[in-house]
Amino acid sequence: MTSTSPEDLRPPISGSTRLAAVVGSPVRHSLSPTLLNAAFGATGLDWTFTAFEVAEGDLPRALDGMRALGIVGLSVTMPHKAVAAGLADDLTEAAARLGAVNCLVPVDGRLTGHNTDGGGFLDGLAHDAGISVEGRTVVVIGAGGAARAVVEACGAAGAVDIAVVNRTSDRAGSAAELAGAVGRVVVPDRAATAIAEADLVVNATPVGMSGGPDGDMPVDPQDLRVGQVAIDLIYHPLETPWLVALRRQGIEAHGGLSMLLFQAARAFSLWTGVEAPVAAMETAVRAALAARPVA
Ligand SMILES: NC(=O)c1ccc[n+]([C@@H]2O[C@H](COP(=O)([O-])OP(=O)(O)OC[C@H]3O[C@@H](n4cnc5c(N)ncnc54)[C@H](OP(=O)(O)O)[C@@H]3O)[C@@H](O)[C@H]2O)c1
């Protein structure tokens, strides 16, 4: 395998190289190999990372293969996250609450299912905005997999009010429940009031994403004010129209790159027991994204 960067300190691939991988479908565009190979390169670990296209329904066979082949870490992406939660031998609290696993860790012959998305969001928030959600009010727009991870993590980390705004109300209700007593549903017509009162506003819809749905603003940027923090979970493009509009109004606004980075950093540490080389991972993923056309 070729080096991912000039600083690649990994020994050459040999019979003792350990293998980790991501499974998903489609998986060809996954950024996990970029992130994790940069991490192995920067730490000099004799590990490598690849991607396996695993069709829906084939995850049980893939996990048998993982066990048989001694694969030492597996990232799990769509469409397998919920099925992986059912197949893991043990689940962390977050993975159990979410019913979704994005990282499998072999421990003493058993597979532990983790969900590092929510923790990755919190780490990214600390990294980008220097804040935690403890004692803060949060609005999450969207109620899909990313929104659910953010709601669950914010609830567990001490947010005092989490309002979920989604066009499909039963999905909003299911996501809000993940925050326990501090979670609530706000219908889109009332979103402006909830947003005005929030410390943190998170876009967890694909509105504004390259190749995403029509429209480029998940909510009106005018509903936000200076003093609030906005996070757009989209990372392609790095600068969404919503982020640009918010910053033009003087509002602190950050994209989704850090969540992507820190969920992978958490997976790296779970597998290796080594602190993740976040700066090297960020350099690699920024280069990979810069090479992607924006639709
Ligand atoms: N930074 C990261 O690490 C990271 C990780 C995961 C995802 N993401 C990003 O987060 C976004 C959501 O991903 P996901 O996996 O949660 O997707 P998902 O499970 O498909 O959920 C999408 C959510 O967005 C809503 N939505 C979709 N199109 C919409 C539209 N035109 N107007 C209003 N709402 C709309 C959906 O509403 P309904 O329920 O009504 O259908 C749903 O709640 C994507 O942009 C993805 O790239 C980022």
Side-chain angles (χ1 to χ4, degrees), residues 22 24-27 29-32 34-36 75-82 94 98-103 114-125 127-129 139-153 163-178 185-189 191 195 201-220 230-243 253-268 278 281-282 285-286 288-289 292 294-295:
V22 57
S25 183
V27 81
H29 295 295
S30 170
L31 289 163
S32 293
T34 299
L35 284 158
L36 274 306
S75 291
V76 180
T77 188
M78 296 311 291
H80 301 306
K81 289 184 177 187
L98 290 165
V101 157
N102 75 337
C103 174
H114 295 250
N115 193 305
T116 65
D117 282 333
F121 170 78
L122 298 176
D123 294 346
L125 185 66
H127 178 264
D128 290 348
V139 170
V140 178
I141 305 144
R148 290 171 62 83
V150 169
V151 168
E152 192 279 331
V164 179
V165 179
N166 193 49
R167 63 182 182 183
T168 308
S169 63
D170 58 341
R171 291 188 90 197
S174 168
E177 277 174 19
L178 292 164
V185 175
V186 172
V187 294
D189 286 352
I195 288 169
V201 180
V202 181
N203 174 36
T205 78
V207 179
M209 186 175 79
S210 174
D214 288 346
D216 52 10
M217 298 288 169
V219 290
D220 189 343
I231 307 286
D232 196 335
L233 298 189
I234 293 167
Y235 50 79
H236 187 55
L238 287 172
E239 307 288 313
T240 62
W242 194 56
L243 287 181
H254 304 281
L257 187 72
S258 286
M259 176 173 170
L260 179 73
L261 183 58
F262 284 98
Q263 61 78 27
R266 282 184 174 231
F268 172 88
V278 172
M281 295 168 76
E282 180 172 353
V285 75
R286 280 187 183 278
L289 284 167
R292 283 191 181 180
V294 176

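Whatever order the structure lists ligands and atoms in, that order sets their numbers, starting from 1.
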For Arg171, side chain to side chain donor-acceptor pair (under 3.5 Å) partners two or more places apart
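Testing Arg171 for side chain to side chain donor-acceptor pair (under 3.5 Å), a comparison that skips the adjacent residues, returns none.
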
Using the test side chain to side chain donor-acceptor pair (under 3.5 Å), find all partners of Ser210 that sit at least two apart in sequence or belong to another chain.
none

Closest non-hydrogen contact found for Gly208 with Thr240 is O-CG2, 4.0 Å

Show the atom names and distances, to 0.1 Å, of all donor-acceptor pairs under 3.5 Å that link a side chain in residues 255-262 to residues at least two apart or in another chain.
from: Ser258; atom 1: OG; to: Asp128; atom 2: OD1; distance (Å): 2.8
from: Ser258; atom 1: OG; to: Asp128; atom 2: OD2; distance (Å): 3.0

Using a threshold of 4.0 angstrom between heavy atoms of the protein and any atom of ligand 1, which residues qualify?
Gly142, Ala143, Gly144, Gly145, Ala146, Asn166, Arg167, Thr168, Arg171, Ala204, Thr205, Pro206, Val207, Met209, Pro213, Leu233, Ile234, Tyr235, Gly256, Met259, Leu260

Given Arg266 and His114, is the side-chain contact (heavy atoms from CB on, under 4.5 Å) satisfied, shown in steps?
CA-CA 10 Å; Arg266 282 184 174 231; His114 295 250; over 6 Å; no

May I ask you to decide if Ala94's main-chain N or O and Asn115's side chain share a donor-acceptor pair within less than 3.5 Å?
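A pair under 3.5 Å: no.
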
